[in-house]
Amino acid sequence: GINAEYGPPDTYNVPQVFVCPDGTCLQYDKVCNLVDDCTDAADEARCSNSFKCNSSNEFIPLTQHCDGVINCQDFSDECNENCSYEIIKTTSLSVYAWFIGLMAIVLNSIAVIKSLLELFHTNR
């Protein structure tokens with residue numbers, strides 16, 4: 001939808017067109033439509049219905065932000081601090097996962113060291 005700051009225009013004080021910073025005039029149906037109709041995206045900048053991708057003037061519907069599907073070419077709609085979530089939510093499972101990870105590292109290190117020692121002793 002159109003943000004309250006933009007309109008829709010009424011017959012009293014609000015102009016019947018949106019004026020871009022470069023002077024281009026747009027009909028209000030071109031404002032907040034997920035398309036950069038001004039050369040600087042001013043017609044989309046303060047809209048409440050969209051998310052702007054970081055590395056382009058590409059806009060996607062707000063419902064596609066953090067929805068698990070990559071819509072921006074730079075992945076900014078999914079790969080950002082607002083979309084993160086914890087896979088393991090309970091402390092006990094988190095501790096258990098860390099324990100298993102550390103044990104895997106220790107046991108794999110022991111296996112590598114044993115293999116290297118055996119290799120060293122057989123090459124003598």
Side-chain angles (χ1 to χ4, degrees):
I2 294 177
N3 186 310
E5 182 173 338
Y6 285 137
D10 59 27
T11 56
Y12 301 108
N13 298 336
V14 181
Q16 297 299 309
V17 294
F18 177 84
V19 181
C20 299
D22 69 357
T24 304
C25 295
L26 301 174
Q27 295 295 323
Y28 269 94
D29 64 344
K30 299 287 185 186
V31 178
C32 296
N33 66 347
L34 304 176
V35 177
D36 177 12
D37 296 300
C38 293
T39 57
D40 63 355
D43 59 313
E44 302 298 321
R46 295 185 183 140
C47 300
S48 60
N49 68 333
S50 65
F51 172 81
K52 183 184 179 300
C53 301
N54 287 343
S55 66
S56 67
N57 276 344
E58 181 182 7
F59 293 88
I60 62 168
L62 195 57
T63 56
Q64 293 180 353
H65 180 233
C66 298
D67 66 350
V69 177
I70 297 170
N71 299 294
C72 294
Q73 293 177 358
D74 62 1
F75 306 135
S76 61
D77 62 315
E78 300 301 324
C79 186
N80 62 63
E81 63 277 354
N82 297 324
C83 296
S84 66
Y85 59 92
E86 289 184 45
I87 295 172
I88 301 175
K89 293 181 173 41
T90 62
T91 304
S92 60
L93 285 177
S94 183
V95 169
Y96 185 65
W98 274 99
F99 176 75
I100 289 174
L102 290 173
M103 289 303 294
I105 291 170
V106 168
L107 294 174
N108 280 319
S109 297
I110 291 171
V112 167
I113 291 170
K114 279 186 175 182
S115 295
L116 289 174
L117 289 174
E118 288 175 10
L119 183 63
F120 180 72
H121 287 299
T122 56
N123 286 336
R124 283 184 161 194

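The heavy-atom pair separating Phe18 from Tyr28 by the smallest distance is N-CE1, 3.9 Å. Between Val35 and Asp43, the shortest heavy-atom contact is O-OD2, 3.1 Å.
For the atom pair CD1 of Ile60 and CG of Asn71, the computed distance is 4.5 Å after rounding to the nearest 0.5 Å. Here the SG atom belonging to Cys83 is positioned 8.5 Å from the CD atom belonging to Glu81, to the nearest 0.5 angstrom.
Side-chain contact between Thr24 and Val19: absent, with no pair of heavy atoms (C-beta onward) separated by less than 4.5 Å. Residues Glu78 and Asp67 have side chains in contact (heavy-atom distance under 4.5 Å, counting atoms from C-beta outward). Taking the side chain as every heavy atom from C-beta outward, Asn49 and Pro61 never approach each other to under 4.5 Å. By the 4.5 Å heavy-atom criterion applied to side chains, Ile113 and Ile110 are not counted as neighbours. With a 4.5 Å cut-off on side-chain heavy atoms, Lys52 and Glu44 do not count as touching. Residues Leu117 and Lys114 fail the side-chain proximity criterion, which asks for heavy atoms closer than 4.5 Å.
Contacts classified as ring pair (Phe, Tyr, Trp, His ring centres under 6.0 Å) and involving residues 49-84 (residues at least two apart or in different chains) are given here: Phe51-His65.
Here Asp74 pairs with Cys53, Asn54, Ser55, Cys72, Ser76 under the side chain to side chain contact (heavy atoms under 4.5 Å, CB included) rule; sequence neighbours left out. By the side chain to side chain contact (heavy atoms under 4.5 Å, CB included) test, Gln27 is found to be paired with Val17, Asp29, residues two or more places apart in sequence or in another chain being considered. Asp40 pairs by the side chain to side chain contact (heavy atoms under 4.5 Å, CB included) definition with Pro21, Cys38, Ala42, not counting sequence neighbours. In this view, Cys79 satisfies the disulfide bond (SG atoms under 2.5 Å apart) rule with no residue, not counting sequence neighbours.
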Please list, one pair per line, the donor and acceptor atoms closer than 3.5 Å that link side chains of residues 97-109 to other protein atoms, with sequence neighbours excluded.
unit_1: Asn108; atom_1: ND2; unit_2: Ala104; atom_2: O; d: 3.0
unit_1: Ser109; atom_1: OG; unit_2: Ile105; atom_2: O; d: 2.8

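Remark: the backbone N or O of Ile70 is not paired with any side-chain donor or acceptor of Asp77 at under 3.5 angstrom. With hydrogens and angles disregarded, a donor-acceptor distance shorter than 3.5 Å links the side chain of Ser115 to the backbone of Ala111. For the pair Asp36 (side chain) and Ala41 (backbone), a donor-acceptor distance under 3.5 Å is present.
A disulfide bridge does not connect Cys20 to Cys25: their SG atoms sit 2.5 Å or farther from one another.
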